[in-house]
Amino acid sequence: MSAIEHNGQRGADFAQMTMPDDAQQMLEVARDQGISTVWDRLAAQEPQCGYCALGVSCRICSMGPCRIDPFGEGPQKGVCGAGADLIVARNLGRAIAAGSSAHSDHGRDILEVFAAMAKGDTSGYQITDEAKLRRLAEEWNVTTGDRPAAEIASDLADAMYTDFGSRKEELGFVERAPDQRRALWQRLGLTPRGIDRENVEMLHRTHMGVDSDYANILLHGLRTSLADGWGGSMIATELSDVMFGTPTPRMSQVNLGTLKVDQVNIALHGHNPLLSDVIVQAAADPELVALAHEKGAAGINLVGLCCTGNELLMRRGVPIAGNHLMQELVIMTGALEAMVVDYQCIMPSVTDVAKCFHTKVISTSDKAKFPGATHVPFDPQHGLEIGKAIVRMGVEAFSDRNPDRVRIPTESVPMMSGFSVEAIVGALGGTPGPLVDAIAAGSIRGAVAVVGCNNPKITQDYAHVMLTRRLIENDILVLVTGCAAVANGKAGQMVPDAADGAGPGLSAVCRSLGIPPVLHMGSCVDNTRVLVLAAALAKHLGVDISALPLAGAAPEWYSEKAIAIGAYVVASGITTVLGVQPPIFGSANVVNLLANGLEGVVGAKFAVEPDPEKAAVIIRRHIEEKRRGLGLPFIDPATITAPAIAVGA
Ligand code: BF8
Ligand code: SF4
């Protein structure tokens, strides 16, 4: 349903706009108080540009902007002579580079602080998981032995810095992929060489008059994405684990009910855990807690949003208030003293909404300033002091809260998180063997990574929750990250008791291990954990990743980062189903390559299916095909069909 229709029914049916009750209640607040939300602005944008939606508009150079007439009556070439295939491929290539750059620049930021920490040049940072540091060092050929951890960390940082440049033939973590996959990448020229190099090369190739072969651009798109998945994002995940701790399973709480009416509430929003992790330390400072008491608050309550929230949830069990489309609504509770933002997925609108309340928006990255926010620049040399200063601003704002406007809409819901690969393999007794055995026996038929965003074009959380439900019902283990994880958490699908909703085989496995059928593997950069797990399973079986009964899904994606993730997941051999149509349908050739041709090239492909019931069928058939390929007991894919009438939420 379009946002216009949503708005036509406003008040009658907020359920068309968002699935969770807390969001529906806050949409009432928005309507009653006349506050504009992302859904209103989507409605105001409609009808959105059809050329852009199909990917056939180009504004790369100033001979343009140009567009191709999809009906074949108007221009079929841009001023430079580019046709639909090239324009669509260039746009997609640039989107991959943008997403890959965002993740990888985040990775570089982590690496820089890690390197500074190793030299003793930071405040608030330390090596929390020394065993992981040593394992990584060995992988990267850094001498370990009796050397002090700080020295090892320093050498590891130097080795990783070179991955960002252009002097290498392949990135360090590429060695983690199975040999078959590495050989395939080598043959196809897909082996990522340097993180920045691949991103820059994509910008170069898509300048006017450089690469004019759409297929060649798309292949480099895959290489660019691999530099994210097996490069920048993987560095971000692994070094964050070393500094902040490798996640282990833990219980926490989710939704707007995590805000506390009698406490100072501070939301940590964005993606990079560097500052937010230190803020968690700062919020425990006795002086600041005393100040909160002085102001009449019972304490200081930190909550997360988006992927910064996922980072804190995974490692520290900090409750998470919501996913992408909750960022405006959380302010409308009237109970939020401060929203601390770093970067990525922070809607510029949050400062507008905050102006209607007492909430302070505090920006912290010099790369991401927001007019209307108070800017407190992050500086790792003074991390803890800055963290305390920010918490103090939140505590001070408590005096400005208007209790009459406070509306915390619901009770929070429990959810379990913390499933790093180390934790999963640890729970299985130290090897992926038992998981492989369960898959071979058919008690678990396969595993699917359900990842990615919310998008106001579709009912918030619905596709995540329904797709996941259908998969677990059919004994398919679901791995979640990012906003998909938060959606499933809100829906109660991430507690051990959710095994009740799983098929008999998966349910039995979950009960014996005390885990949910939907495992939270982290933030969006932590999709690399899915790659590492897939590689471990493939190596255990001696096959390529593409032979495994695995799939990816991004049912509600919106961001360029999600495009990069989808691309590296497919390039790694895992077929992926998107729930929102990417802007490629102006080129039949590009669509055909991504949805069919890629299968013969990288052993995986994309599909687009907005209906989660149908997406579940596509994925189940795919998994049974893979089982058949491995000689495992399979269900004939032809017998798998969607229910005639979709069962409601
Ligand atoms: O990196 S899932 S909306 S918050 S882009 Fe953003 Fe999408 Fe959420 Fe995390 Ni990922
Ligand atoms: Fe037009 Fe070509 Fe310039 Fe794009 S690159 S704006 S198609 S002239």
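Ligands are counted one by one from 1 in listed order, and the atoms in each one are counted from 1 as well.
Looking only at atom types and distance, the side chain of T481 has a donor-acceptor partner in the side chain of N527 under 3.5 Å away. A donor atom on one side chain and an acceptor atom on the other are found under 3.5 Å apart for N199 and S100. Between the side chains of S349 and E328, a donor-acceptor pair is found at a separation under 3.5 Å. The closest side-chain donor-acceptor pair between T237 and D526 falls under 3.5 angstrom.
Looking at N265, its side chain does come within 3.5 Å of a backbone N or O of A335 through a donor-acceptor pair. Counting only distance, with no hydrogens or angles, the side chain of Q253 and the backbone of M415 share no donor-acceptor pair below 3.5 Å. Without hydrogens or angle criteria, S523 side chain to N310 main chain gives no donor-acceptor distance under 3.5 Å.
For atom 3 (Fe) of ligand 2, the tally of protein N/O/S atoms lying closer than 2.8 Å stands at 1.
Near ligand 1, heavy-atom contacts under 4.0 Å come from H271, C306, C307, H324, C345, G452, C453, C483, C524, Y558, S559, K561.
With sequence neighbours excluded, the residues that form a side chain to side chain contact (heavy atoms under 4.5 Å, CB included) with A23 are T18, P20, M326, L329, Q460.
Paired with K561 under the rule side chain to side chain donor-acceptor pair (under 3.5 Å), one option of H103, Q344, H106 passes, and it is Q344.
Residue pairs satisfying the ring-ring contact (aromatic ring centres under 6.0 Å, His included) criterion with at least one member in residues 54-95, sequence neighbours excluded, are absent.
At least one heavy atom of R90 sits under 4.0 Å from some atom of ligand 2.
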